[in-house]
Every structure is written in C-alpha cells, then in structure tokens.
Asks: 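Let me begin by handing over the structure; questions about it come next.
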Amino acid sequence: MPRFLKQLSARACGCLAILVTLLSVASARPAAAADEDRCEVQQLAKANVTASIALDHRDLTYVRARSAMTIEVPQEWKYAADLKLSVASDEYRRAMRCLLRQQGEFSTTRYDEWIPRHPRVTASGNTTTVHYEAFSWLDRGDYYYVGPWRIETRGSHWGVTLERPSALQTAWWKRVEVDPNGIDVTRLRIAPSESDSETLAWVTPSGSPALAVEVYLLPPWQQELAARANDSPWRELSSFGGLAWWLGVSLLAVVLARRAFLASDAVVERSSSLTLMHWGGVSAATAVLLVVVSGLTLRELGDGRDDSLLCLGAGWLLALLARPTAPTVLAVSLAGAEAFLVVRAPQLFGLPPELFAGSAAIDGRALLAITLVGTVALWIWLVGIAAWASRMFRSGSEEGGAIPPLRWTFGLLAVSVAVVGCYVWAAERDWQRASWLHEKLSPSYGPDHLGALGRDLDWLPREVPSWAYFHWSWVLTGLAIAAVLRVCPSAASTWLEPGRRDRLLIALFFAAVVALELGWYAANSLLEPVWLLFNIAVILLLLAAGKRYSVLHQRLLDDRPGPRIRRCLGPDDRDELVTRARSYRELHSQLRHADQGKADESGKSRSDLERELLELQRWRPDPIDGSPSRLLPPQVTPVDVALSLGPRDNWWDNGRRAAFLASVVGVPASGIMVWEDYVKGGAWTTTLYTYLGLPSLVVSFLAWQVTWAGAGFTLGALWRALPGRRGPARALLLGIAFALPVAIDILVRQLLDQPLGNSAVAASLMLFVLTLTSLQMDIDTFHSERQYWPTRVGLLFSLYQMRAFSVQVAYLVAQIVAMLTIWQFFSSGAGHPPKSSDNP
C-alpha cells in the first residue's frame with residue numbers, strides 16, 4: 001500500500017505539472033481563423049437520417065435516455081472524406097459538428113451526454129454512413145441534450161423533443177422512433193405513423209418535410225423524485241435523513257460513554273469513556289457543518305470563498321481538538337493560515353481578487369493556486385482524522401492520547417497530493433469527454449478549457465473535507481467504542497462475556513461499523529435512521545436469544561436444575577476444560593469402536609468407558625452458593641463448553657483474535673465488492689470520470705477490510721453469549737443478523753422498483769467470512785493439540801467427529817454455491833456516470 005501511494009503521488013504531481021504547463025501554453029497559442037464554413041447544407045439535402053430514443057427506468061434510480069442516430073451522407077458532400085480521419089483531427093471534428101450539432105452549438109460542450117464509443121463511420125458506394133449513439137442520466141430537473149433530442153425534466157410532465165442539427169434540416173428524416181419503455185405518454189404534438197405497445201414511430205416519405213416530433217411523458221414517481229433530489233423540500237428531507245443517522249450514532253455514543261464514565265473509578269476507563277464522549281460531540285458538530293456547507297453550495301446562496309474558509313477552519317479545529325503534538329499543531333496552523341490568506345485575499349499573491357468566488361478569469365497560476373489550497377485542506381482534515389485515531393488507540397492506556405510523531409503528517413501529505421492529482425486527472429478526462437467535438441484551434445478552446453477546470457477545481461476545498469470525513473468518521477466511531485470496550489474485561493465479574501452496558505456498546509459498534517447503510521430510495525436518505533435502529537435491534541434480539549439457548553447459559557443438572565454453567569466457570573478453567581474435552585473425544589472414539597466390534601487397546605469395558613465419560617460430564621460446585629458438583633446437560637459436552645469459551649482468556653481477546661482472522665479471510669471478499677461497486681460494467685466509467693473515483697476505490701477496499709474486521713470482532717466478543725455449540729452455528733446467527741435488514745431493504749426496493757444494488761452479495765460474503773473465521777476460532781481453541789495433527793482439517797475432523805465434520809463441509813459447499821448464485825442474480829455493475837455539476 002505505501003508503495004502504491006508513493007507511485008500514485010509521484011504520478012499525480014507529474015501529471016499536475018504537465019497539465020498546468022500545457023494549459024498555460026494552450027491559453028497563449030494563436031487563435032485559428034473563425035469557422036467560415038456553412039457545412040455545405042445544400043449538399044446534405046440528399047442525406048437520409050433515422051433517429052430513435054429509448055427511456056429506461058426499470059430497476060434504476062434515475063431514468064436513462066439512450067439515443068441512436070444513423071446518417072447516410074452522399075459522397076459528394078464536401079466534408080465526407082474528413083469523416084474517415086482520426087478522431088483527434090480538427091477536420092474530423094468539424095465534419096462531425098456539422099452532422100451532430102446545432103449551428104450555435106459549435107463551441108459548446110455537453111457534460112450530460114455520454115457516448116459509449118465514437119461514431120462508427122462506414123463507406124459503401126456513393127454513401128458514407130455515420131452511426132452515432134449517446135446516452136444520458138436524467139438525474140435532476142433541467143434540460144438535457146442527448147443526440148438530436150432535447151429532454152426537459154423540470155416539471156411533473158417531461159418533454160422529449162426532436163431538435164434536428166442545423167445542417168440536416170432539409171435532409172430526409174426517414175424514420176423517428178420514441179420508446180417510452182412503459183412510461184405513460186400524456187401528450188403528442190403530432191400523431192405517430194406507427195405504434196405498438198412499446199414504440200411510437202414517425203415515418204415520412206422521400207421529399208416530405210421532417211415532422212416536429214414532441215412527446216410529453218408522466219415519469220414514475222420514483223424517478224421523478226430522484227430527479228428532484230436537489231430541489232426543495234426533497235433536498236432538505238434527504239439531508240435530514242443522512243444527518244440524523246450520524247447524529248443518532250453520535251448521540252448514542254455520548255450517552256453510553258457517559259454511563260461508562262460515571263460507573264468507573266479507574267483512570268484508564270474514564271479516559272477512554274471521555275474520549276468517546278468528546279468524539280461523539282465533535283462528530284455530530286462536524287456532520288452538521290458539512291451538511292450546512294453542502295446545502296449552501298447547492299442553493300448557490302453561499303459564496304464559494306466563504307465555504308472554503310469554513311472548511312479550512314473546521315479542519316484546523318478538528319485537528320486541534322484531537323490534542324496533537326506541538327510540532328503538528330504548528331505545521332497545520334502555518335499551512336492553514338497560508339491557504340486561508342490565498343482564499344481570503346488572493347490579490348496578495350498576485351492572483352485575481354475574485355478567485356474562489358466563481359467569477360474570476362482562470363489562468364495557469366490561478367488553477368495551480370486553487371489546487372494547492374484544496375491539497376492543504378485535504379491534508380489538514382487527514383491530519384485531524386489521524387490525530388483522533390491515534391488518541392483513540394492510546395486512550396485505553398496510561399500513556400495518553402498524543403498523535404504519533406510529525407513525520408506521519410508527511411505521509412498524509414503524500415496521500416493528499418495523490419488524491420488531488422487523481423481529482424485533476426479525472427477533471428481533465430471529463431473535459432476531454434465533454435468537448436470531444438470542440439475545435440482545438442478555435443480561439444475559445446483555451447479559455448473554455450481553463451474555465452471548465454477552474455470551475456471543477458473550485459470545489460476542491462469544499463468537497464475533499466466531506467469526502468475524507470464521511471469515508472473515515474465511522475471508522476473513528478468504531479475505534480472509540482473499541483477503546484472503551486478494551487478496558488471492560490479487566491473487572492473480575494466481566495471476564496467471561498460482555499455486561500449489559502458493554503452489549504449496548506457492541507450493538508452500536510455493529511450498527512456503525514459492520515451493518516450496511518440502508519434506506520436510500522429514489523435518491524433520498526430520509527429513512528436511513530430507521531435502519532440504524534433496526535441494526536441495533538437485531539443484535540440485541542440475538543443476545544436475548546443467547547441468554548436462553550447459548551451453551552454457557554444452560555443449567556447444570558442433578559436431581560433438579562442447578563446454576564447456569566457460566567456461574568461455575570473461572571478465568572483459570574479454560575485449560576482444564578480443553579484437557580477434559582480431549583479426554584472426552586478420546587473416550588468417545590473408543591466407545592464408538594466398541595460399538596463397531598473393534599478391540600480396544602486399553603482393555604476397558606464399555607461400562608468403564610461410560611463411567612469415565614459420565615465423570616467428565618460432572619463439573620465443580622458453584623463458587624457462589626457452594627452447591628455440590630453437578631452434571632452438564634445431556635446435550636452439552638465438555639467439547640461444547642471448551643469451544644464456547646473460545647481461544648482466548650476473556651471476551652475482548654476473543655474479539656481481537658476474530659477481528660484479525662476475519663480481516664485476513666476478508667481480503668478476497670473486499671476485492672469482490674470493489675469489483676462490483678467500482679469496476680464491473682458501467683461502474684468503471686463512473687470510477688474513471690468521478691473526480692474522486694480512483695481514491696474512493698482504494699478507500700472502499702480498506703473500508704470493506706474494516707467491515708470484515710468489525711464483524712469478526714463482534715463475533716469474537718459475543719462468542720460466549722451467542723447460541724450454538726459450534727463456531728459455524730454462531731457465525732450463521734450473526735450472519736442472519738447482518739442479512740435480515742438487507743433482506744427487508746431488498747424487499748422494499750422490489751416494491752418500489754428500485755435497483756437492488758450489491759447488498760445481497762455483501763450479505764453472502766459476510767456469512768462466508770464469518771463461517772471461515774469461526775472455523776479458525778474453533779481450531780485456535782485447541783491450539784495446544786495442533787502439533788499432533790498434520791493439518792488443521794485433521795484437527796477439525798477430530799473436534800467435530802466424522803458426521804459433524806461432513807455436515808460442516810457440506811454447509812461450506814452450500815454457502816459457496818449460494819454465494820455464486822446470489823452474485824450472479826443480484827450483481828449490478830451499472831454505474832451512474834457523473835457530471836461536473838454533481839462531482840465529486
């Protein structure tokens with residue numbers, strides 16, 4: 001990972017330097033002559049054109065408009081030969097502009113229009129044929145231009161209008177098709193010549209004037225609501241839902257941390273609880289600030305300069321509240337002060353006074369200044385996040401919570417440069433995509449190019465803090481909760497399993513770190529807080545079931561039910577239980593051989609073996625009331641009790657061990673999820689053209705690793721409180737707790753005709769990771785016997801016995817088959833290509 005970041009950072013810096021140099025040259029290059037041609041319109045009167053548009057909406061958040069246009073151009077057209085040139089030549093672009101654009105649109109760009117490939121040009125006889133495909137996502141209330149179509153989505157009724165390119169006004173438009181794909185048609189300007197259950201078609205004979213095709217549609221309410229996600233009041237409702245999730249987690253963390261603080265007298269416990277309380281307040285305040293800044297930006301009421309200053313100040317305050325070392329405070333303060341001056345008074349540095357106000361004339365120096373300010377803003381926020389992470393790691397110890405040495409901040413600076421470099425690179429790619437028909441020798445190309453990049457980079461100081469914070473703050477919340485839980489098993493009364501307060505913290509940890517953020521429907525996050533409560537509730541219900549059905553909560557027996565097994569166990573009993581479990585397995589194996597008629601080398605009779613097995617079932621008196629020794633229940637063996645204790649001496653160490661195992665097992669699962677979300681199908685286009693797409697891909701892999709590790713920690717910490725005699729049974733129940741909200745979310749999405757996403761794939765992978773982790777936990781419980789077995793499989797064979805082990809193998813095979821089936825059925829790699837208006 002460090003090597004990758006180093007290479008990416010160096011490449012980003014190099015690309016940035018080259019880009020600024022090229023842009024400076026481009027802005028100074030001599031202007032070409034004005035576009036004097038008129039496309040020889042009279043020669044295009046013999047051209048034949050067919051055009052179609054299809055609207056896809058089923059299982060999509062937004063409506064996708066797909067346009068196809070075929071133009072048969074006569075060879076005598078003056079620019080027909082230019083169509084066969086390279087797409088990089090100005091002659092090719094000029095010819096294509098004539099065929100695809102309006103007269104006044106020759107120097108404009110189309111950010112909303114996406115082309116899966118450049119137009120396909122073929123020549124046959126006296127005709128050159130151009131096939132042009134494009135699509136667009138209707139994700140806001142606005143006007144869209146895709147191919148020869150103009151789509152209006154401002155009102156409740158959407159309009160689709162054919163706007164013929166200027167040079168093709170007199171051409172023969174043989175056939176025009178509109179496929180609403182099930183969307184209700186409310187009005188037609190001209191009745192179609194042909195129609196069926198899906199397609200409307202207008203066919204004109206040769207020599208007839210082209211028809212004015214105009215169709216009005218009533219879109220499904222889901223896609224209409226999604227397209228109006230940035231309009232009031234839907235924007236406020238969505239922001240409230242997302243903010244309520246963060247505030248809910250923060251408020252619960254503060255309440256539980258305060259209870260832990262008041263209930264403890266130890267310095268270490270109070271320190272960790274105080275850190276969680278502080279982080280809960282800081283997290284809530286930061287989330288509110290970022291949502292407010294985002295809302296002001298969307299309303300265009302807030303000056304970009306003010307938003308940037310606010311984000312810089314908030315990042316500096318975030319770092320300061322984490323109590324970093326003095327050199328770190330000095331470095332962050334100096335860098336932040338310089339960036340603050342560049343934003344507030346750019347004229348002091350010879351930059352335009354309107355810089356960051358959205359109206360400045362952008363040149364190479366101004367572009368570089370904006371980029372540097374964005375890099376500093378991201379670096380300050382990353383230092384703040386790292387400082388809080390360090391404080392949480394160390395808050396549970398006597399050493400305090402200071403951030404690691406200043407040299408760590410230089411590594412974060414390299415990360416910041418790499419991320420901003422990816423941002424600049426993606427912005428440049430987006431410009432090249434949108435301006436592919438722009439004439440590079442045109443006098444407007446240089447200023448348009450710089451202006452577009454300036455508008456995109458102007459978002460940097462405002463957007464990168466939100467990107468960094470919302471990608472990592474949930475991890476910090478998990479670390480803060482773990483810091484409180486780490487000191488809990490130190491008390492003699494809580495070594496066995498978490499107490500009531502700790503269980504609530506673990507449930508919050510599961511909801512914040514492990515569970516998926518669900519409740520996003522029609523591009524609205526209003527229902528997200530409901531799923532937060534649901535995820536907490538499923539863990540508490542699982543623990544309630546564990547109080548009745550877990551092994552350690554069963555009662556010892558004699559002539560009447562006695563105390564629960566957990567009351568008769570002490571911190572030093574695990575080794576004795578492991579020894580008993582081994583003897584039990586050996587005696588049980590001898591008894592099975594006797595039943596099969598095989599001779600026993602020990603010479604023991606069946607009654608002797610049964611008597612020894614019965615003795616192993618007897619456990620010591622209850623240390624609290626001094627009751628006599630009693631027998632384990634018939635369905636519970638010493639092997640079950642030993643496996644229920646897990647491989648470590650207390651529940652915290654069990655959780656830590658399981659977290660490590662799950663993170664190792666989860667590496668392929670993280671790769672699968674990243675492939676599904678960022679690479680497969682159209683998602684790769686989204687990754688390449690989203691301004692923070694590539695950094696998000698890397699962060700997503702790390703985030704999934706944290707998710708698997710968090711799930712492993714939850715499994716290990718609750719190991720002794722979960723129902724089940726074997727590890728896979730415990731993993732199954734926790735996997736169901738993870739999958740139950742996912743299943744309900746999928747059901748809601750089916751009912752609302754929304755895309756299913758990859759949550760089902762994540763749920764199947766979660767169960768598989770937990771199952772493999774639980775198997776390794778069972779092996780680790782008997783690690784003292786590892787030397788006697790050539791493989792771990794052999795040890796498992798002994799632990800589970802032949803029949804139980806074959807069941808586990810069949811269970812794993814069934815999981816793999818089910819996972820592959822779910823992957824194939826639910827997998828969705830269709831990304832939503834971004835635009836400059838909603839990047840990053």
Side-chain angles (χ1 to χ4, degrees), residues 47-72 100 112-117 119-120 122 127 129-139 143-165 168-169 171-227 682 750-756 828 830:
N48 301 333
V49 186
T50 60
S52 65
I53 188 170
L55 302 178
D56 301 330
H57 69 94
R58 294 184 175 90
D59 298 328
L60 295 174
T61 300
Y62 306 99
V63 173
R64 177 174 56 192
R66 295 183 292 111
S67 167
M69 182 179 178
T70 301
I71 310 167
E72 297 177 358
L100 306 181
D112 290 323
E113 183 183 77
W114 293 77
I115 55 173
R117 64 191 65 83
R120 185 171 64 251
T122 58
T127 303
T129 303
V130 177
H131 184 69
Y132 170 49
E133 296 180 0
F135 67 93
S136 183
W137 296 87
L138 312 183
D139 57 357
Y143 290 97
Y144 295 82
Y145 292 89
V146 50
W149 302 90
R150 179 172 66 89
I151 306 173
E152 180 183 0
T153 60
R154 290 182 179 273
S156 58
H157 292 257
W158 294 359
V160 178
T161 305
L162 177 65
E163 291 196 349
R164 300 183 298 277
L168 297 178
Q169 292 288 338
W172 177 25
W173 289 74
K174 296 191 299 184
R175 185 178 181 89
V176 177
E177 294 183 357
V178 176
D179 181 7
N181 199 15
I183 299 179
D184 294 336
V185 178
T186 59
R187 185 161 61 90
L188 297 170
R189 183 171 181 177
I190 298 177
S193 307
E194 301 174 3
S195 64
D196 52 30
S197 59
E198 296 182 356
T199 305
L200 306 175
W202 289 262
V203 181
T204 57
S206 178
S208 301
L211 300 176
V213 176
E214 193 169 333
V215 180
Y216 287 89
L217 308 166
L218 182 63
W221 68 267
Q222 302 95 321
Q223 282 74 29
E224 181 191 1
L225 181 60
Q750 285 277 34
L751 295 175
L752 297 181
D753 194 22
Q754 291 288 283
L756 301 181
S828 61

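Just so you know, these numbers come straight off a predicted model, no measurement behind them. Residues: numbered from 1 along the sequence shown.
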Asks: Tell me every residue that passes salt bridge (Lys or Arg N to Asp or Glu O under 4.0 Å) with Glu194, counting only those two or more places apart in sequence or in another chain.
Replies: Arg175
Asks: With salt bridge (charged side-chain N to carboxylate O under 4.0 Å, His left out) as the rule and sequence neighbours excluded, what pairs involving residues 208-227 come up?
Replies: Arg189-Glu214, Glu224-Arg228
Asks: So, the side chain of Asp59 versus the backbone of Pro755: is there a donor-acceptor pair under 3.5 Å, distance only?
Replies: no
Asks: Could you tell me which residues satisfy side chain to side chain donor-acceptor pair (under 3.5 Å) with Thr70, sequence neighbours excluded, listed by chain and number?
Replies: His131
Asks: Check salt bridge (Lys or Arg N to Asp or Glu O under 4.0 Å) between Arg150 and all other residues, then give those that pass, not counting sequence neighbours.
Replies: Glu163
Asks: Is there a donor-acceptor pair closer than 3.5 Å between any side-chain N or O of Glu113 and the backbone N or O of Gly147?
Replies: yes
Asks: If the condition is salt bridge (Lys or Arg N to Asp or Glu O under 4.0 Å), which residues does Arg154 pass it with, not counting sequence neighbours?
Replies: Asp142
Asks: Residues two or more places apart in sequence or in another chain: which of them pass side-chain contact (heavy atoms from CB on, under 4.5 Å) with Leu200?
Replies: Val185, Leu188, Pro192, Ser195, Trp202
Asks: Just jot down the side chain to side chain donor-acceptor pair (under 3.5 Å) partners of Thr186, sequence neighbours excluded, or say none.
Replies: His157
Asks: Residues in side chain to side chain donor-acceptor pair (under 3.5 Å) with Gln222, at least two apart?
Replies: none
Asks: Asn48: what forms a side-chain contact (heavy atoms from CB on, under 4.5 Å) with it, not counting sequence neighbours?
Replies: Glu72, Trp172, Lys174
Asks: Using salt bridge (Lys or Arg N to Asp or Glu O under 4.0 Å) as the criterion, list what pairs up with Arg164, not counting sequence neighbours.
Replies: none
Asks: Quick one: list whatever passes side-chain contact (heavy atoms from CB on, under 4.5 Å) with Asp184, sequence neighbours left out.
Replies: Leu218
Asks: Who pairs with Pro205 by side-chain contact (heavy atoms from CB on, under 4.5 Å), at least two apart in sequence or on another chain?
Replies: Ser208
